[in-house]
Engineer: 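Encoded as structure tokens, here's the structure I'll be asking about.
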Amino acid sequence: LPVLAPGVLASFPQHIQTRYYFLMGLNAKEKRDLPVALRAFESALALAPFHQQAAILDEIGSTYFLMQAPLTALGHHLHALHLLLKASSKSASVSLHFKVELHCGDAYRQLGAYQPALEHYERARKHLTAQHDLETAGQLFSGLGYCTYAVIYPATVQFTSSVRQSFAVPEEIERELQKAISFLLESSSFYHVSGDRLREANVRLILASIFLDLSIWRRRVAYERAGNTEKAEKKESFTNCLALLDDAEEQCRQALLGWQSQDEQ
């Protein structure tokens with residue numbers, strides 16, 4: 001962008017000033033000059049009409065997120081979401097609604113609040129369209145998979161007869177773990193096609209961790225159900241655990257292969 005003196009910029013109409021500051025913020029953010037980006041976005045917000053404020057607030061939140069301030073980022077994203085919900089359905093951009101819900105999920109996830117993060121990811125999924133790029137889809141399904149896993153994980157660790165009655169039955173826990181695996185497999189496919197090897201490797205390592213936890217979970221459930229005398233069911237459980245260990249090993253291997261191909265390039 002051309003650098004304009006404050007006096008020259010002030011001579012332009014307000015909507016031109018708003019766009020200039022907003023573009024300046026995007027430019028600085030892309031260069032990772034985050035303090036400059038933040039000042040530009042805040043200047044744009046002070047001049048923006050109501051229907052443009054949600055997009056600017058979302059960018060301010062994203063900037064704070066990159067500055068390792070997820071709680072401050074979440075406040076701005078939730079404010080943006082509130083403005084979008086107040087706007088009419090015709091004026092509210094579906095693409096912007098998707099971005100804000102996704103960013104809310106990312107901020108909640110960073111704060112360790114996995115249930116509200118999952119709810120925002122689910123709402124973002126409703127706004128996902130074919131126009132979104134593969135990396136964005138990979139990010140969404142990665143969040144869905146990880147938070148689905150994180151929400152159900154305590155039940156797999158604390159599984160006893162009392163927990164089974166009060167928290168979740170084994171079938172529900174198994175179903176949620178399989179859902180998390182399905183989301184993460186989709187995410188790894190999106191990242192693989194887009195060529196993002198780093199994020200693909202991260203997702204594959206999360207998958208390996210879930211396969212290991214699922215192996216332990218199935219073995220514990222099988223032993224509780226079978227007791228000390230049902231050797232056949234224990235043997236079947238052992239076979240299932242070996243298959244899951246193979247799955248975990250394969251995910252680790254694919255992560256390594258991805259890095260090797262990246263190094264060769």
Side-chain angles (χ1 to χ4, degrees), residues 1-111 113 116-117 120-121 123-140 143 194-196 198-199:
L1 290 173
V3 179
L4 300 178
V8 175
L9 183 59
S11 66
F12 290 122
Q14 184 169 318
H15 70 279
I16 297 295
Q17 296 182 54
T18 302
R19 292 183 181 183
Y20 180 84
Y21 281 122
F22 186 70
L23 291 173
M24 180 186 292
L26 292 178
N27 190 37
K29 182 182 171 186
E30 185 177 355
K31 295 178 179 179
R32 287 297 191 269
D33 194 349
L34 301 180
V36 171
L38 194 58
R39 289 195 297 271
F41 286 136
E42 288 173 345
S43 297
L45 182 64
L47 298 167
F50 176 81
H51 68 277
Q52 294 178 350
Q53 291 176 7
I56 301 172
L57 282 166
D58 184 58
E59 290 296 340
I60 293 175
S62 297
T63 306
Y64 274 115
F65 189 84
L66 293 173
M67 296 172 73
Q68 307 299 317
L71 187 59
T72 306
L74 178 62
H76 286 85
H77 292 314
L78 290 175
H79 188 183
L81 184 61
H82 175 70
L83 295 183
L84 285 176
L85 294 176
K86 284 179 62 177
S88 64
S89 58
K90 291 183 179 180
S91 62
S93 166
V94 173
S95 178
L96 179 58
H97 210 139
F98 169 84
K99 281 180 59 180
V100 176
E101 292 284 11
L102 179 63
H103 293 158
C104 286
D106 289 342
Y108 270 121
R109 174 182 172 181
Q110 189 71 17
L111 292 167
H120 282 285
Y121 285 136
R123 287 197 285 269
R125 188 184 179 193
K126 296 178 181 178
H127 298 287
L128 183 66
T129 66
Q131 282 69 42
H132 288 102
D133 59 87
L134 293 173
E135 288 190 11
T136 300
Q139 182 183 351
L140 172 61
S194 68
D196 193 332
L198 175 59
R199 290 182 178 178

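When reading the values below, keep in mind they use all heavy atoms of this one structure, side chains included, and skip hydrogens, waters and symmetry mates.
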Engineer: Taking the side chain as everything from C-beta on, heavy atoms only, tell me whether L9 gets closer than 4.5 Å to Y21.
Structural biologist: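 With C-beta onward as the side chain, the pair touches.
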Engineer: Looking only at heavy atoms, what is the nearest atom pair of L85 and H97, with distance?
Structural biologist: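 Shortest heavy-atom contact: CD2-CE1, 3.9 Å.
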Engineer: Apply salt bridge (charged side-chain N to carboxylate O under 4.0 Å, His left out) to E59 and list each qualifying residue two or more places apart in sequence or on a separate chain.
Structural biologist: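 Result, salt bridge (charged side-chain N to carboxylate O under 4.0 Å, His left out) vs E59: K29, K99.
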Engineer: Below 4.5 Å, heavy atoms only, C-beta onward: do L81 and H120 meet side chain to side chain?
Structural biologist: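 In contact.
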Engineer: Do you know the tightest heavy-atom contact between A107 and P70?
Structural biologist: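 Where A107 meets P70 most closely, the heavy atoms are CB-O, 3.9 Å.
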Engineer: For R123, what residues pass the salt bridge (charged side-chain N to carboxylate O under 4.0 Å, His left out) criterion, not counting sequence neighbours?
Structural biologist: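 Here the qualifying residues are E101.
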Engineer: Considering only heavy atoms from C-beta outward, does the side chain of L26 approach that of F22 to under 4.5 Å?
Structural biologist: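 They are in contact (side-chain heavy atoms under 4.5 Å apart), so the answer is yes.
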Engineer: State, to 0.1 Å, how close F65 and D106 come at their nearest heavy-atom pair, and which atoms those are.
Structural biologist: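 The pair with the smallest heavy-atom distance is CE1-O, 3.7 Å.
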Engineer: Taking atom types as modelled and ignoring hydrogens, do the side chains of T129 and H132 form a donor-acceptor contact shorter than 3.5 angstrom?
Structural biologist: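 Yes, side-chain donor-acceptor contact under 3.5 Å.
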Engineer: Using the salt bridge (Lys or Arg N to Asp or Glu O under 4.0 Å) rule, collect all pairs that involve residues 2-28, keeping only residues at least two apart or in two chains.
Structural biologist: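 Listed once each, the pairs would be none.
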Engineer: Side chains of L38 and M67: closer than 4.5 Å at any heavy-atom pair?
Structural biologist: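 Yes, side chains in contact.
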Engineer: Kindly give the heavy-atom pair with the smallest separation between A54 and A80, and that separation in Å.
Structural biologist: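 That closest heavy-atom pairing would be O-CB, 3.4 Å.
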Engineer: Is L78 close to Y108 at the side-chain level, that is, under 4.5 Å between some pair of heavy atoms?
Structural biologist: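 SC-SC contact between Y108 and L78 confirmed.
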Engineer: State, without any angle test, whether H77 and D58 hold a side-chain donor-acceptor pair at a distance under 3.5 Å.
Structural biologist: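 There is such a pair between these side chains.
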Engineer: Over all heavy atoms of both residues, which pair between L34 and T63 is shortest? Give the atoms and the distance, please.
Structural biologist: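 So the two residues come closest at O-CG2, 3.7 Å.
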Engineer: Which pair of heavy atoms, one from R109 and one from A117, lies closest together, and at what distance?
Structural biologist: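 Looks like N-CB, 3.7 Å.
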